[in-house]
Amino acid sequence: MSLDISLRHRFVGVSLDIAFTAPSPGVTVVFGPSGAGKSTTLAAIAGLLRPDACRIAVDGTLLADTGSGIWLAPERRGVGLVFQDARLFPHMSVARNLRYGQRRAAPGPIAFDAVVDLLGIAALLDRRPHSLSGGERQRVAIGRALLAQPRLLLMDEPLASLDEARKAEILPFLIRLKTTLNLPVIYVTHAIEEVLRLADAMVMIEDGKVVASGPIADMAGRADLPLARRDDAGALVACTVAGHDTQRAMTRLAGLGTTFLVPLLDYAPGTALRVRIPAREVILAGKRPEAISVQNVLEGRVRRILAEASRHAMLVEVALPGGDLLSRVTPDAVFRLGLVEGGPVLALVKSTSIEVLAS
Amino acid sequence: MIPALSPDDWEAVRLTLGVAARAVGFGLPVAVAVAWVLARVQFPGRTLVNAVVHMPLVLPPVVTGWLLLITFGVRGPLGALLQEWFGVRLVFTTAGASLASAVMIFPVMVRAVRLSLEAADPGLEQAARTLGAGRLDRLFTIALPLAAPGIVVAAIIGYATCLGEFGAVITFAANIPGQTQTLPLAIYAALQSPGGEARAAALSMVAMVLAFAGLLLAEWIGRRLNAALGR
């Protein structure tokens, strides 16, 4: 199943022309700078804004289609929307806020107690919204949207208005939500941390247009996309725990068609994990080094070399059997190693530089 | 200095309170409906409706009373129908005094309700829409509860204003003791009769106390309701 979204809309001076397909279930992050058209896209999917032309299909159900004159009102779409500013009803208790959508929806699989438990808001049920902290408010808003039994959940920068501590408080709930509920989610953000932790797929928007879209691992590993311009550029790799070597205090992870060694992890073999390998931590070599601390020496091919003029650096895409790594090196190193696109290369990855993100 | 109120005076006070209660009771729901339409619905002629609603505020009250007289009088278009179908006569009756008062306070109430409807965050109604609430549903569960402080204040201010309505009431309902003679009309009648100054003073005191109490009550309740909404 999937989401098929396409829309065109013209404002004064700005025009929006967006089309993408997203997995369902799964979290698709819509990523891009402010003013790129992310929130407008969400408003159109929810039906709060009527674009000049659009086609919105969720798991095969048409919510809007200019071609055949279909336009469902927001209240009849079954599309949940979590706003940046929570928008809880101030004259109702937390419990009544939570039940507002539930009472108006057909019975569905998402149960009140399960949501309250998942979001950790049992202690807040009798409180009024104005007595809640920003993080608590946002959790209630997420619960309220979920209990309306949406076929699609939209989240418009739900963490943007919170400070770092509150973000860290909510992110684990969002990860739990993603693994517990089989729901398609479109999540708008410009925070890379949320992308890395949550995204299954990503749609990058700039100036009202889709720059690139696809599975998150493909997007993070491409040297030509905006993500690679960042200081913390790096590959995002889906792995499973292959085994532990307790004697050496190492864990073997299978991913990218090869295996990596990382410092011993507390996960059972077979657990699916997500790891990030920062580009600046990946060393390139022409031949196998000896007497070196690096644990992971991976054979690959140079797929592409891109110059980063502003940094006096080069980004090298290294193709491994099951995906790409990114390495950021100096132009001089590329020259000395005689790296050419299509040629062989060894990627050296320190075990301690691999960031393990829970999946 | 001020003589005690006679039974007739108490009758005027009682009548005034009753007329004001009816004027607010029947006028407020209509005022809320009109305020909602003016605040939320785009339609041609909105400016005209808005102007008509505000007319009693700027017209001389006597003119408002006269307009009511020619509309609701026994031979007026609406008055004749009411008489024929329901056997109801408004001119020179307590009901007529209530109608005249309601028309006079109507613009004040519409204004107060409309301001509080417009002050509510439209984002909350958007949120309600995405949660499956249709237009009427949103009106009763979101817009009106959030406008409650404005509605209650409109009712109290409207009630207090009713206690002082004079021109429209005397024109449309006349000055009949026990039926249409409200406080201001009784004060006027007292001043017209020789030696009535003391009675006028006593009734004026009552009017002042009622008006002042109304203002204090409106202020206090408005604050309480806003606090309940976390504002």
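So that the names make sense, note that chain A is the first sequence line, chain B the second, and so on, each numbered from 1. All values below come from the heavy atoms of this structure, side chains included, with hydrogens, waters and symmetry mates left out.
Within 6.0 Å of the CH2 atom in B/Trp36, the count of heavy atoms belonging to other residues, nucleotides or ligands exceeds 12. At most 12 non-hydrogen atoms from other residues, nucleotides or ligands lie less than 6.0 angstrom from NE2 of A/His190. Atom CZ of A/Arg87 has more than 12 neighbouring heavy atoms from other residues, nucleotides or ligands inside a 6.0 Å radius. Heavy atoms of other residues, nucleotides or ligands lying less than 6.0 angstrom from CZ of B/Arg40 number more than 12. By the 6.0 Å contact criterion, OH on B/Tyr188 is open, its count of non-hydrogen atoms from other residues, nucleotides or ligands being 12 or less. Annotation for B/Phe140: atom CZ does not count as buried by contact number, only 12 or fewer foreign heavy atoms lying within 6.0 Å. For CZ of A/Arg76, the number of neighbouring non-hydrogen atoms (other residues, nucleotides, ligands) closer than 6.0 Å is 12 at most.
Interface summary for chain B: among A/Leu48, A/Leu147, A/Leu154, the most heavy-atom pairs under 4.5 angstrom belong to A/Leu48.
Here the closest non-hydrogen pair linking A/Arg104 and B/Ala133 is NE-CB, 3.8 Å. The minimum heavy-atom distance linking B/Leu131 with A/Ala148 is given by the pair CD2-CB, 4.0 Å.
With a 4.5 angstrom heavy-atom cutoff, A/Arg144 touches chain B via backbone and side-chain atoms both. Neither the backbone nor the side chain of A/Arg77 comes within less than 4.5 Å of any heavy atom of chain B. With a threshold of 4.5 angstrom between heavy atoms, A/Leu88 approaches chain B through N, CA, C or O but not through any side-chain atom.
At a heavy-atom separation below 4.5 angstrom, chain B is approached by A/Ala73, A/Pro74, A/Glu75 within residues 68-75 of chain A.
From A/Leu42, atom CG reaches atom OG1 of B/Thr130 across 11.5 Å, with rounding to the nearest 0.5 Å.
A side-chain contact (heavy atoms from CB on, under 4.5 Å) with A/Phe89 is found for one member of B/Thr141, B/Leu146, B/Ile142 and no other, namely B/Ile142.
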